[in-house]
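All chains are named by letter (A, B, ...) in the order of the sequence lines, taking the proteins before the strands, and each is independently numbered beginning at 1. Values below: every heavy atom of this structure, side chains too, minus hydrogens, waters and symmetry copies.
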There are 2 protein chains.
Amino acid sequence: MSDNNSKKADIISVAKAAKVSASTVSRYFNHPELLKNSTRRRIDSAVRKQGYIRNRAAQTIHGIRSGTIGVLVPTIDHAIFAEVVQAFSDAVAEHGFTILLASHGYNAKQEYAVLRKFLEHRVDGVVLTGLEHDEAVFQLIESQDIPAVLIWNHSDSARLPCIGADNRRAGQLIAEHILDLGHRDIACMFPPMVGNDRAQDRRMGVMDTLAKAGAQVRAEWQLETIYSISASKRDTIKILSNEMRPSAIICGNDILATGALYGAQACVLGVPQDVSIVGIGDFKGSSEIEPALSTVRLPAVRIGQEAGRALAHAITQKESSIANLHCLPELVPRASSAIAKR
Amino acid sequence: MSDNNSKKADIISVAKAAKVSASTVSRYFNHPELLKNSTRRRIDSAVRKQGYIRNRAAQTIHGIRSGTIGVLVPTIDHAIFAEVVQAFSDAVAEHGFTILLASHGYNAKQEYAVLRKFLEHRVDGVVLTGLEHDEAVFQLIESQDIPAVLIWNHSDSARLPCIGADNRRAGQLIAEHILDLGHRDIACMFPPMVGNDRAQDRRMGVMDTLAKAGAQVRAEWQLETIYSISASKRDTIKILSNEMRPSAIICGNDILATGALYGAQACVLGVPQDVSIVGIGDFKGSSEIEPALSTVRLPAVRIGQEAGRALAHAITQKESSIANLHCLPELVPRASSAIAKR
DNA sequence: TAATTTTGTGAAAACATTTGCAAAACTATT
DNA sequence: AATAGTTTTGCAAATGTTTTCACAAAATTA
C-alpha cells in the first residue's frame, strides 16, 4: 500500500528509504542486472512503500525517448479512422509507446498547430493522415528530423513515407465493376473534397474511368454529400424520386452507400434490381447489411498495424528510413450491385 | 525558414542569438508583457530563425502542468467510444490540453498498467470508462491525487466523480417500452459482460423490469453475443428460424440491434409486423436505418464535452472536486417496434 | 598471502527549463 | 543635472532524472 504522507516520491526519497544513492535507484530501473540481489530487494520495497512512479519528463530532457507518438487524424469519430487508430495504438503499445491523439477537422491551420504541440511534447514520431499537407507542416517535420508516416492514402511520389492504399485505384476498381455490369446511367456521391486527398483521389479514379468508357456523369447526378448516413439517405431519395433516375450509384465511402441503400428502401426501390449501389471502404457491417454491399476493401487494420510497426522500428532502431508500403485495395462484389436492366 | 545547421535549438541558443539571457527568453513565452517591445521582437526573430520549439518535458519537471490528459477506453474502435473521445478531445483542446489515448480491451490488468504509464508521463488528469475498476486502480489514482473522471456510466455511489448516463435506467426504459407495446415473448441479446459494467447494468435494468412484469425471458432466448453486426445477425437468424420465436428482441446496444434487423430481413420477417427489435444507444445511423430503430438515447457527445469541461476546469483551477453529472437516458421510439400481435 | 579482476555503489555533471531576487537601464520630476 | 521611481533584464538556484567516472569491496587467481 502506498504511503502518501511523504508528499512527493522522487528518486531521492526512494534512495534515502533504501539507504542507497539516487544513482543506484536509477540503475534499479534501467540496468537492474548491475545490482546485487539484496540492494534490488531493498529498493523494490522502498519503491513500493512510497508509491514511487518514475518521471518520464525528467528522462525525456536527457534526450531519452519520450515514449509517445503523435497521431493526427481529421476526426476520430469515423468508423474507419477509429479502426486505424486502434490498430496503430495496439501495434506501438507492444513496444512501450503511448499515443498522443488529436484531430484537425480537415483544417490545415489546425493541423500545423497540433503538430507543433506534438513537437513541444517531444513525441518520438508522428503519423499524419493523407498525403497532402501544408508546406509548413512538411518543413516542420523535416526540420525536426523525427520519423513520420503518412497513412491511409498511397502514392509513389509522396513527400514523406506513406503506408496506405491507392485511393485512385480504389475508385477505378469500383467504377470498372459498375461498367462491367453494363451500367451507363450512373450517379456519384462523394464527401466534401477540401483538405481530403483520399476523397479527391477516389473521385478522380471513378470519374476518369467512367469518362474513358464514355459514361459521362450528368451534372445533377454528381452529388457532394457530407459524411453522414442521414445526409446521404436524404440526397439519394431526392435523386431517386425523379422519373429519370440512374441505374447505379457509386458512393465515395460505405457510410454514404449505407445511407443510399436506406434511401432506396425508403423509395420502395429494390436493390439491386432497380438500382445498384456500391461504396468504397468495406466498413464493418457492410457485408451484413441487406443487401450486402458491393465495395472496395481498404485494409484499415493492416495499415494501422504496418504503420505502427514501421514507426516503432524506425524509432527504436534509429533507422530513419521508412519504406513506402502499398496495401492493395480489392474489389468485393456482393449483393447490392447487379447487371443493368436494358 | 528554419535553419537547422545549429543541431539543437534550445532556449540558450535562442538567447545567444537574440543577445539576451535564457531567463528573458523564458519570459518571452510565459510573461511576454514583462518584456520591452524591442527585445520581444529580437527574440521573436531568433526563435523563428532557429525553429525553436519549447520543451514541455523540461517545463513539466518544474511542477508545471504537462498539458496532457490520459484517456482510457476499453476500445477505440467502437462507434460510441470514438464519439465520446472526439467530444472530449475537442473540449479539452480548447484549454490547451492534448490527450494520451489508450485502450485496455476489457482487461483489468492492462488497465492498471496503462494507468501507470499515464502517470509516468505526469498527465494532469485521467478519464476512465465505467464505474468499476480494480482496487489497485482506485488506490493508484487516490495516492497521486490527480483529478479523475469516470465516464459513460452513472451511479450516485461511484467511487470517483462520474459523468455519464445511468445504464440501468436505460435498460429499464427500453424494457418498459416493449412491455407497454404488449410483448411478453421477449428475447434479449447482450454483449459479454466481463469487465463491462455498462452492459451489466443495462441487462439488469432490462431483466428486472421484465421479471417484475411477469415476463420472464426463457433461457434459450438469453443471448450473449459479441459486439459485431455479423455475430448478431447470425444469432438472430438462429433464434428466428425456430417455429417458436419471440415477438420482440431487446438488444444491449444499437450495433447488436442493427445486426438483428438484418437478421430478421434475411429471414424474410417484417419488422415490426412480425418481430419488434430495439437497441440502446442511439448510434449514428440508427434513425436512418429501415425501419428506423427504436432505442434509448445516451448522449455520448454531451458526456464527452461535460467530462472534458469538468476535468479542464478542475486542472486549471486546481479545484480538485468534480461534481457527478447524470446525463439522462431518453427513450426514442421509432419504427422498429410496434404493438404485439395477439 | 599478495596481486589482479570483477562487481557494486556514490558524487557530480548534465539535461532544458523556470523563478526569486537584485542589478541595471530607463523615465519623470524637480 | 540630480534624484526617485519604474521598468526591464540577468544571475543563480532549483527541478527530477540519467550518466560518466572513480573508487572501494569482494571474488578470483597466482
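Remark: P of D:dT15 and CD1 of A:I11 are 15 Å apart, rounded to the nearest angstrom. Atom C1' of nucleotide C:dC15 and atom CZ of A:R122 are separated by 12 Å, given to the nearest angstrom. Taking atom CZ of A:R56 as the reference point, atom C1' of D:dT15 lies 19 Å away to the nearest angstrom. To the nearest angstrom, C1' of C:dT6 lies 15 Å from CD of A:E33. Atom OH in B:Y28 sits roughly 18 Å away from atom P in C:dT19 (whole-Å rounding). Between B:I64 atom CD1 and C:dT19 atom C1' the separation is 9 Å, expressed in whole Å. Rounded to an integer number of Å, the gap from CD1 of A:I12 to P of D:dA14 is 12 Å. For B:I43 and D:dT8, the CD1 to C1' distance is 11 Å, given to the nearest whole Å.
Nearer the 5' end of DNA chain D, as judged by each residue's closest nucleotide, is the contact made by B:A58, out of A:S23 and B:A58. Ranked by how close their nearest DNA chain D nucleotide is to the 5' end, B:H62 and B:R40 are led by B:R40.
Interface remark: the B:R27 side chain does form a donor-acceptor pair with the D:dG10 base, using a distance-only criterion of under 3.5 Å. Taking only distance into account, the side chain of A:T60 never meets the base of C:dC15 through a donor-acceptor pair shorter than 3.5 Å.
Using a 4.0 Å heavy-atom cutoff across all strands shown, A:L34 reaches sugar-phosphate atoms only and no base atom.
Regarding contacts with the backbone of C:dT19, a side-chain N or O of B:H31 is found under 4.0 angstrom from either OP1 or OP2. Close to C:dT18, at under 4.0 Å from its OP1 or OP2, lies a side-chain N or O of B:Q59. OP1 or OP2 of D:dT17 has at least one side-chain nitrogen or oxygen of A:Y52 nearer than 4.0 Å.
Comparing atom distances between the A:T39 side chain and each of D:dT17, C:dA12, C:dG8 picks out C:dG8 as nearest. Here the nucleotide nearest the side chain of B:T24, chosen from D:dG16, C:dT17, D:dT9, is D:dT9. For B:K36, counting side-chain heavy atoms from C-beta on, the closest listed nucleotide (C:dC26, C:dT17, D:dG10) is C:dC26. Of the candidates D:dG10, D:dT9, D:dT19, the closest approach to any side-chain atom of B:V20 belongs to D:dG10.
Between A:D44 and A:R40 there is no salt bridge, since none of the side-chain N atoms of the basic residue sits less than 4.0 Å from a carboxylate O of the acidic one.
Under the 4.5 Å side-chain criterion, counting only non-hydrogen atoms from C-beta, A:V85 is not in contact with A:I76.
Between the side chains of B:S26 and B:S23, no donor-acceptor pair of N or O atoms lies under 3.5 Å. Between A:Q86 and A:D90, the side chains place a donor N or O and an acceptor N or O closer than 3.5 Å (distance only, hydrogens not considered).
Proximity of a side-chain donor or acceptor of A:D124 to a complementary backbone N or O of A:G67 within less than 3.5 Å is detected.
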